[in-house]
Colleague: 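Could you have a look at this structure, given as structure tokens, before my questions?
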Amino acid sequence: MSEDTPWERHAQWWQDGFTDGADAEYEEQILPIAEQHLGGFGRILDIGTGEGQVARRLIAAGAGPVIGVDPTVAQLRVAVARGGGVRYARAAAEQLPVATASIDGVVACLVFEHLPDHGVPLREVARVLRPGGRFVLLLNHPLLQTPGSGWIDDQILEEQYWRVGPYLVDDVSMEELEPGVLLPFVHRPLSRYVNTMIDSGLLLSRMEEPAPPPGFLARADEYAAAASIPRLLVLVAERAG
């Protein structure tokens, strides 16, 4: 695994802006969702753990042991320093460093939309989960957050509406999130995720499309108009016996 990646270069940016209480979406929505579905579970694997905030939240919610895996050295160093009782390993989603059928729950939070391939990682999730084990997948909403989506202020029709970009077209792009901060994003239709999960023995039990949390909507006046447009999709599945 190379250490010259966008994730290595921008790890500090991510840690400053999205962890340790800095981001309303994590604090008000993402972390509570992870706790709701996996709190109190036994052995948990957090794929793409970053600096470990989801893993630490699950430990605090009574889960454990929790193992966090990530390919980014700059994230793992901070994760270890922040402690919280989590065990960490440097690994990619395509080759998880745990035994077959040894994990009670797996979480992947805003990870799969950055992976060039989703098939091998999902099959790895199915491999490591015990029968009846749970998988919680959190994604940027594949439909409503498709590249090219956003508000259109139509001056001719005198109406405002949310445009959805080309949904069925796979898209791989480097998105500039702030000046000088470019990270890879991969769009694929929701059916790709769902069908691969089903084919891998991961049986869907729940889907959630939560509204953006109040802390996010309060960041800017124009965000209030997006209160009915979900940014997040949550899929929960169980490993077939």
Side-chain angles (χ1 to χ4, degrees), residues 1 3 7-8 10-112 114-115 121-122 124-139 202 206 208 210 213 215 232 234-239:
M1 287 178 283
E3 293 189 24
W7 300 106
E8 295 285 1
H10 302 308
Q12 184 71 54
W13 167 83
W14 171 260
Q15 292 155 12
D16 291 345
F18 297 93
T19 75
D20 208 19
D23 182 69
E25 286 185 281
Y26 267 94
E27 293 300 311
E28 298 176 18
Q29 188 167 84
I30 292 171
L31 296 176
I33 286 172
E35 178 178 343
Q36 172 192 348
H37 291 294
L38 289 172
F41 263 59
R43 197 175 192 212
I44 303 290
L45 184 67
D46 179 14
I47 298 175
T49 191
E51 56 70 69
Q53 61 181 333
V54 172
R56 290 193 300 273
R57 179 64 171 255
L58 293 175
I59 288 278
V66 177
I67 304 166
V69 297
D70 201 284
T72 307
V73 173
Q75 295 284 24
L76 292 174
R77 287 189 184 126
V78 173
V80 171
R82 291 182 174 178
V86 183
R87 296 160 54 192
Y88 292 104
R90 189 182 183 208
E94 293 81 2
Q95 192 170 6
L96 299 174
V98 294
T100 297
S102 65
I103 297 294
D104 297 303
V106 174
V107 60
C109 178
L110 305 183
V111 172
F112 272 74
H114 302 295
L115 299 179
L122 285 175
E124 273 289 273
V125 169
R127 178 186 69 79
V128 303
L129 274 175
R130 63 166 174 79
R134 179 173 292 177
F135 176 42
V136 181
L137 175 63
L138 298 95
L139 294 164
L202 298 167
R206 189 167 182 82
E208 298 175 4
L232 189 67
V234 184
L235 299 177
V236 182
E238 272 69 42
R239 179 68 168 98

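Every heavy atom of this structure was used, including side-chain atoms; hydrogens, water molecules and symmetry mates were not.
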Colleague: Using every non-hydrogen atom in the two residues, find where P97 and A89 come nearest and quote the distance to one decimal.
Modeller: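 Scanning both residues, the minimum pair turns out to be CG-CB, 4.3 Å.
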
Colleague: Between R90 and D70, is any pair of side-chain heavy atoms under 4.5 Å apart?
Modeller: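 A side-chain contact is absent here, since even the closest heavy-atom pair is not under 4.5 Å.
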
Colleague: Can you tell me how far the CG atom of L110 sits from the CD atom of E25, to the nearest 0.5 Å?
Modeller: 8.5 Å

Colleague: For the side chain of E51 and the backbone of V78, is there at least one donor-acceptor N/O pair under 3.5 Å apart?
Modeller: no

Colleague: Looking only at atom types and distance, does a side-chain atom of E28 sit under 3.5 Å from a main-chain N or O of G215, one as donor and one as acceptor?
Modeller: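 A pair under 3.5 Å: yes.
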
Colleague: Just by distance, do the side chain of E124 and the backbone of A93 share a donor-acceptor pair under 3.5 Å?
Modeller: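 Checked: no pair found.
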
Colleague: To the nearest 0.5 Å, what is the distance between NE2 (H114) and CH2 (W7)?
Modeller: 4.0 Å

Colleague: Is there side-chain contact between R82 and D20, with at least one heavy-atom pair below 4.5 Å?
Modeller: yes

Colleague: Drop me the distance from I103's CD1 to F41's CZ, to the nearest 0.5 angstrom.
Modeller: 12.5 Å

Colleague: Of all heavy-atom pairs between A79 and Y88, which one has the smallest distance, and what is that distance?
Modeller: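 Minimum heavy-atom contact is CB-CZ, 3.5 Å.
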
Colleague: Looking only at heavy atoms, what is the nearest atom pair of G85 and I59, with distance?
Modeller: O-CD1, 3.8 Å

Colleague: If you look at every heavy atom in L38 and G105, which pair is closest and at what distance?
Modeller: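 Of all heavy-atom pairs spanning L38 and G105, the closest is CD2-CA, 4.1 Å.
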
Colleague: Given side chains that start at C-beta, do those of V125 and L45 come closer than 4.5 Å, heavy atoms only?
Modeller: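 A side-chain contact under 4.5 Å is absent here.
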
Colleague: Determine, for E27 against R57, whether the closest basic-nitrogen to carboxylate-oxygen distance falls under 4.0 angstrom.
Modeller: no

Colleague: Going from CD1 on I47 to CG on L96, what distance comes out if it is rounded to the nearest 0.5 angstrom?
Modeller: 4.5 Å

Colleague: Using the side chain to side chain contact (heavy atoms under 4.5 Å, CB included) rule, pick out the option among L58, I30, L31, D46 that qualifies with Q53.
Modeller: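 Only one option passes, and that is L31.
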
Colleague: Assess the residue pair D104 and R134 against the criterion (salt bridge (Lys or Arg N to Asp or Glu O under 4.0 Å)); give the C-alpha distance rounded to whole Å, side-chain angles, the decisive distance to 0.1 Å, and a yes or no.
Modeller: CA-CA 6 Å; D104 297 303; R134 179 173 292 177; over 6 Å; no

Colleague: Less than 4.5 Å apart, side chain to side chain, heavy atoms only: is that true for I67 and T49?
Modeller: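 Of all side-chain heavy-atom pairs linking T49 with I67, none is under 4.5 Å.
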
Colleague: For the residue pair G17 and D23, what are the closest heavy atoms and their distance?
Modeller: O-CB, 3.7 Å

Colleague: For the residue pair H10 and W13, does the interplanar ring angle fall in the parallel (under 30°), tilted (30 to 60°) or perpendicular (over 60°) class?
Modeller: perpendicular

Colleague: Answer yes or no: is there a side-chain heavy-atom contact under 4.5 Å between Y26 and T19?
Modeller: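 No, their side chains stay 4.5 Å or more apart.
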
Colleague: Any side-chain heavy-atom pair from P210 and I33 closer than 4.5 angstrom?
Modeller: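 P210 vs I33: side chains touch.
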
Colleague: Any sub-3.5 Å donor-acceptor pair from R43's side-chain atoms to P65's backbone N or O?
Modeller: no

Colleague: Do you know which two heavy atoms are closest between T100 and R127, and how far apart they sit?
Modeller: OG1-NH1, 3.1 Å

